[in-house]
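Down below is the structure, laid out as structure tokens.
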Amino acid sequence: MRNYPIFCLALSIGLLSCTTPQAKQEMAEFVRPDKVLQVGFLVMEGVYNTELTAPMDIFHHTIFHDSLGMEVFTIAKDSGMIQTFEGLQFMPDYSYRTQEYPKIDVLVVPSAEHHLNTDLEDLEMLEFVRKTAKDAAYVLSLCDGAFVLAEAGLLDGSVSTTFPSDIPAYKERFPQLEVLSDLLFVHDGKFITSAGGAKSFEPAMYLVEHLYGSKTVAGVGRGMVIDWDLSKVPHRIIAN
């Protein structure tokens with residue numbers, strides 16, 4: 001099982017933000033969405049609790065601070081029960097195989113137990129991710145969710161990151177990618193890849209600030225008891 005506490009402690013000691021002055025200016029000049037955004041969380045057997053629930057909680061709380069906040073839902077290949085790696089059981093809201101579902105504006109790919117092996121052989125799932133990402137405004141991966149995006153060919157030409165101890169395997173499987181280490185998230189174009197684990201709140205908070213501005217993200221932070229300050233989060237913004 002991954003050692004999340006050690007990773008989080010290591011990142012909290014002595015690391016500085018990688019944001020450039022230009023990126024900070026871009027953050028300040030956010031463009032508020034002109035509609036309620038539909039946020040689809042791709043879930044599958046063995047999904048990790050925190051990497052699903054942390055960004056879901058953050059995005060759900062936007063509706064209390066902006067009339068055009070986010071609506072969140074889960075989507076899986078089939079409509080049957082999902083069991084997380086930690087044993088939580090739930091029914092997905094939609095099956096992309098058998099049901100109609102809302103157009104996904106933000107696709108979120110939490111990490112799951114088999115994202116480094118058998119999940120990457122699921123051609124139907126990879127095609128769903130590829131097709132959905134094409135039309136989505138943003139795609140956010142948590143931890144090894146980056147492997148799914150990379151396997152789908154979505155990160156070619158982009159800079160990305162993933163769970164720290166899995167970066168060697170990530171580089172070996174996808175040698176064509178530019179991969180950054182020692183960061184909580186990387187934002188390049190429509191793609192936000194992140195380290196995950198107990199730090200899965202940070203990329204979600206960043207996207208809220210990027211889309212809705214400092215007032216909304218501060219409100220979400222109060223509601224979630226998160227003392228949010230992007231300048232203290234190790235990250236890199238490549239292009240928006």
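We use all heavy atoms of the structure for the numbers below, so side chains are in, but hydrogens, waters and symmetry mates are not. All residue numbers in this chain count up from 1 along the given sequence.
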- Query: Where do Val43 and Pro92 come nearest, in terms of heavy atoms and distance?
  - Reply: CG2-CB, 4.2 Å
- Query: In the single-linkage hydrophobic clustering (I, L, V, M, F, W, Y; side-chain heavy atoms under 4.5 Å), do Met125 and Met81 co-cluster?
  - Reply: no
- Main-chain N/O of Gly197 paired with Glu51 side-chain donor or acceptor, under 3.5 Å: yes
- Query: Any chain of hydrophobic side-chain contacts (each under 4.5 Å) joining Val139 to Tyr94?
  - Reply: yes
- Task: I would like to know whether Leu207 and Phe59 meet side-chain contact (heavy atoms from CB on, under 4.5 Å); could you show each step before the answer?
- Result: CA-CA 9 Å; Leu207 184 55; Phe59 294 151; 3.9 Å; yes
- Message: For Glu100, I'd like to know if atom CD has over 12 heavy atoms of other residues, nucleotides or ligands within 6.0 Å.
- Response: no
- Would you say the side chain of Glu151 lies within less than 4.5 Å of the side chain of Glu121, judging by non-hydrogen atoms? no
- Message: Within the 3.5 Å criterion, strictly below it, is a donor on Glu202 or Trp228 matched to an acceptor on the partner's side chain?
- Response: no
- Task: Spell out, yes or no, whether Leu68 and Ile104 are grouped together once hydrophobic residues are joined by side-chain heavy atoms under 4.5 Å, including indirect joins.
- Result: no
- Query: Step by step, would you call Tyr138 with Leu211 a side-chain contact (heavy atoms from CB on, under 4.5 Å)?
  - Reply: CA-CA 10 Å; Tyr138 292 95; Leu211 291 173; 3.5 Å; yes
- Query: Does a donor on one side chain and an acceptor on the other come within less than 3.5 Å for Ser200 and Tyr48?
  - Reply: no
- Task: Using atom types as modelled and distance alone, determine if a side-chain donor or acceptor of His60 lies under 3.5 Å from a backbone N or O of Ile58.
- Result: no
- Check Ser160 against Thr193 and note the closest heavy-atom contact, atom names and distance. CA-OG1, 3.3 Å
- Item | Val208 and His61: CA distance, side-chain angles, deciding distance, side-chain contact (heavy atoms from CB on, under 4.5 Å) verdict | CA-CA 10 Å; Val208 170; His61 273 70; over 6 Å; no
- Nearest heavy-atom contact between Arg32 and Ser67 is NH2-OG, 3.3 Å
- Give a yes or no on whether the backbone of Ala136 and the side-chain of Lys190 come within a donor-acceptor separation of less than 3.5 Å. yes
- To the nearest 0.5 angstrom, please state how far the OG1 atom of Thr162 sits from the CG atom of Leu183. 12.0 Å
- Query: Going through the distances and angles, do Gln89 and Ile82 end up as a side-chain contact (heavy atoms from CB on, under 4.5 Å)?
  - Reply: CA-CA 6 Å; Gln89 294 185 332; Ile82 295 284; over 6 Å; no
- Using a strict cut-off of less than 4.0 Å between a Lys/Arg side-chain nitrogen and an Asp/Glu carboxylate oxygen, indicate whether Asp66 and Lys215 qualify as a salt bridge. no
- Item | Centroid-centroid under 6.0 Å between Phe41 and Phe73 rings | no
- Message: Assess whether a salt bridge exists between Asp188 and Arg236, defined as any Lys/Arg side-chain N lying under 4.0 Å from an Asp/Glu carboxylate O.
- Response: no
- Query: What is the distance from atom OG1 of Thr50 to atom CG of Asp57, rounded to the nearest 0.5 Å?
  - Reply: 10.0 Å
- Query: Are any of the side-chain heavy atoms of Val39 and Asp105 separated by less than 4.5 Å?
  - Reply: no
- Task: Using distance alone, with no hydrogens and no angle criterion, decide if Asp93 and Thr74 have a side-chain donor and acceptor under 3.5 Å apart.
- Result: yes
- Query: Is a side-chain donor or acceptor of Ser194 paired with a backbone partner of Ser141 at a separation under 3.5 angstrom?
  - Reply: yes
- Heavy-atom distance under 4.5 Å between the side chains of Asp78 and Arg97, does that happen here? yes
- Task: Consider only side-chain heavy atoms of I, L, V, M, F, W and Y, link residues closer than 4.5 Å, and tell whether Phe90 and Val72 are in one cluster.
- Result: yes
- Note on the structure: For Leu116 and Asp144, the nearest pair of non-hydrogen atoms, with its separation, is CD1-OD2, 2.9 Å
- Message: Is any side-chain heavy atom of Leu88 closer than 4.5 Å to one of Gln83?
- Response: no
- Message: Do Glu113 and Thr84 make a side-chain contact, defined as non-hydrogen atoms from C-beta onward lying under 4.5 Å apart?
- Response: no
- Message: Checking the side chain of Thr62 only, and the main-chain atoms of Met70 only, is there a donor and an acceptor separated by less than 3.5 Å?
- Response: yes
- Task: Report yes if the side chains of Pro203 and Leu142 come closer than 4.5 Å at any heavy-atom pair, otherwise no.
- Result: yes
- Query: In terms of the angle between their ring planes, are His210 and Tyr206 parallel, tilted or perpendicular, with boundaries placed at 30° and 60°?
  - Reply: parallel
- Message: Could you check whether His114 and Asn117, counting side-chain N and O atoms only, form a donor-acceptor pair closer than 3.5 Å?
- Response: yes
- Given the side-chain rings of Phe147 and His115, with only the six-membered ring counted for Trp, is the space between their centroids under 6.0 Å? no
- Are Phe191 and His187 an aromatic pair by the rule of ring centers under 6.0 Å? no
- Distance from Lys131 atom NZ to Leu107 atom CG, nearest 0.5 Å? 13.0 Å
- What distance do Leu126 atom CG and Leu149 atom CG have between them, rounded to the nearest 0.5 Å? 10.0 Å
- Note on the structure: Correct closest heavy-atom pair for Val108 and Pro55 would be CG1-CG, 4.5 Å
- For residues Tyr212 and His65, is any side-chain donor paired with an opposing acceptor at under 3.5 Å? no
- Task: Could you tell me whether the side chain of Ser95 and the main chain of Gln99 form a donor-acceptor pair under 3.5 Å?
- Result: no
- Item | Contact check, side chains of Phe128 and Ile75, non-hydrogen atoms, under 4.5 Å | yes
- Item | Within one Ile-Leu-Val-Met-Phe-Trp-Tyr cluster: Met224 and Leu184, side-chain cutoff 4.5 Å | yes
- Item | Straight-line distance of Arg130 CZ to Leu123 CG, nearest 0.5 Å | 8.5 Å
- Other residues, nucleotides, ligands: >12 heavy atoms within 6.0 Å of Asp227 CG: no
- Query: Do Met205 and Val217 have side chains that get closer than 4.5 Å, going by heavy atoms?
  - Reply: yes
- Crowding at CD, Gln176 (>12 non-hydrogen neighbours, <6.0 Å): yes
- More than 12 heavy atoms of other groups within 6.0 Å of Lys103 NZ: yes
- To the nearest 0.5 Å, tell me how far Glu127 CD sits from Thr132 OG1. 9.0 Å
- Specify the closest pair of heavy atoms between Glu172 and Pro175, including all atoms of both residues, with the distance to one decimal. O-CD, 3.6 Å
